[in-house]
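In this text the structure is predicted, and so the values were computed from the model without any measurement.
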Amino acid sequence: MSNMELTVLGQDAEAGACCSPMVREALDGEAAVELAKMFKALADPVRLRLLSLIASHDGGEACVCDLTGPFDVSQPTISHHLKVLREAGLVGCERRGTWVYYWVLPAALARLSALLQAPADASAGATG
């Protein structure tokens, strides 16, 4: 399952229907709740580092055994943070024997990126 290559659809300039940047279209309530969950998960320094470690790991996935060393927190705390990232829809995981492997979900990062994307003429509305 994790050896499959994931393709993120709708990354061209025409594909703004999924989640237009906030500067062009207001979020509806449901989208705001989903996106807030993702941003809240990323607001913790440990979780942000975990996501970065997973994304930058060789092969695009990391064993939980590789994620505990860089932190001064216990393994159960790392597991809790990984659970928060998983429940927010930012990472996927799969158990292989006694270990669990994690990978970043590209569609989730694309959604966050598209939301925060500033239009080319963003400086026109800026005050200085």
Side-chain angles (χ1 to χ4, degrees):
M1 176 182 205
S2 64
N3 293 335
M4 297 179 356
E5 185 173 323
L6 299 175
T7 303
V8 180
L9 302 176
Q11 294 300 299
D12 58 315
E14 304 285 326
C18 163
C19 40
S20 299
M22 289 187 293
V23 296
R24 288 188 293 203
E25 180 180 299
L27 292 172
D28 65 26
E30 184 178 327
V33 168
E34 290 175 23
L35 289 163
K37 190 182 232 185
M38 290 180 182
F39 282 116
K40 184 175 181 180
L42 292 175
D44 182 273
V46 172
R47 290 193 287 265
L48 189 57
R49 282 188 63 207
L50 278 170
L51 188 74
S52 176
L53 283 170
I54 294 166
S56 64
H57 204 271
D58 287 338
E61 65 180 31
C63 175
V64 71
C65 62
D66 297 323
L67 300 174
T68 56
F71 298 95
D72 291 329
V73 297
S74 67
Q75 187 278 327
T77 301
I78 294 295
S79 292
H80 165 74
H81 286 302
L82 289 167
K83 178 183 174 186
V84 171
L85 290 171
R86 192 178 70 247
E87 288 176 348
L90 294 166
V91 298
C93 68
E94 175 182 73
R95 179 173 291 281
R96 297 181 199 152
T98 58
W99 299 110
V100 178
Y101 288 79
Y102 289 86
W103 57 89
V104 173
L105 297 175
L109 297 185
R111 186 172 183 198
L112 293 173
S113 176
L115 177 72
L116 297 175
Q117 181 183 353
D121 61 347
S123 61
T127 58

Does some side-chain heavy atom of [Y] sit less than 4.5 Å from a side-chain heavy atom of [X]?
X      : Y      : result
Thr68  : Val73  : no
Leu90  : Leu112 : yes
Leu115 : Leu27  : yes

_I need the full list of side-chain hydrogen bond (donor to acceptor under 3.5 Å, both in side chains) pairs touching residues 77-91, with sequence neighbours left out, sorted by first then second residue._
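Checked against side-chain hydrogen bond (donor to acceptor under 3.5 Å, both in side chains) - neighbours excluded - the pairs reaching residues 77-91 are Arg47-His81, Ser74-Thr77, Gln75-Ser79.
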Report task. Sort and list the pairs that fulfil side-chain hydrogen bond (donor to acceptor under 3.5 Å, both in side chains) and have at least one residue in residues 27-36, not counting sequence neighbours. Result ->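 The answer is Glu34-Arg111.
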Quiz item: How many angstroms lie between atom SG of Cys93 and atom CH2 of Trp103, to the nearest 0.5 angstrom?
Solution: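 The CH2 atom of Trp103 is 6.5 Å from SG of Cys93, to the nearest 0.5 Å.
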Got a second to check how far Arg49's CZ is from Ile54's CD1, nearest 0.5 Å?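 Interatomic distance, Arg49 CZ to Ile54 CD1, rounded to 0.5 Å: 12.0 Å.
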Notebook entry, point to check: Applying the side-chain contact (heavy atoms from CB on, under 4.5 Å) test to Leu50, which of Leu82, Asp44, Val84 qualifies?
Noted result: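 Exactly one option meets the side-chain contact (heavy atoms from CB on, under 4.5 Å) with Leu50, and it is Leu82.
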Q) Which pair of non-hydrogen atoms, one from Leu105 and one from Gly89, has the smallest distance, and what is that distance? A)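 In this case the closest contact between Leu105 and Gly89 is CD1-O, 3.4 Å.
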Quiz item: Could you go step by step and tell me if Glu61 and Tyr102 meet the side chain to side chain contact (heavy atoms under 4.5 Å, CB included) rule?
Solution: CA-CA 5 Å; Glu61 65 180 31; Tyr102 289 86; over 6 Å; no
Could you check whether Arg95 makes a cation-pi contact with Tyr101, meaning its NZ or CZ is under 6.0 Å from the centre of the six-membered ring and within 45° of the ring axis?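 Checked: cation-pi criterion not met.
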When you measure from the side chain of Ser113 to the backbone N and O of Leu109, does any donor-acceptor pair fall under 3.5 Å?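 Absent.
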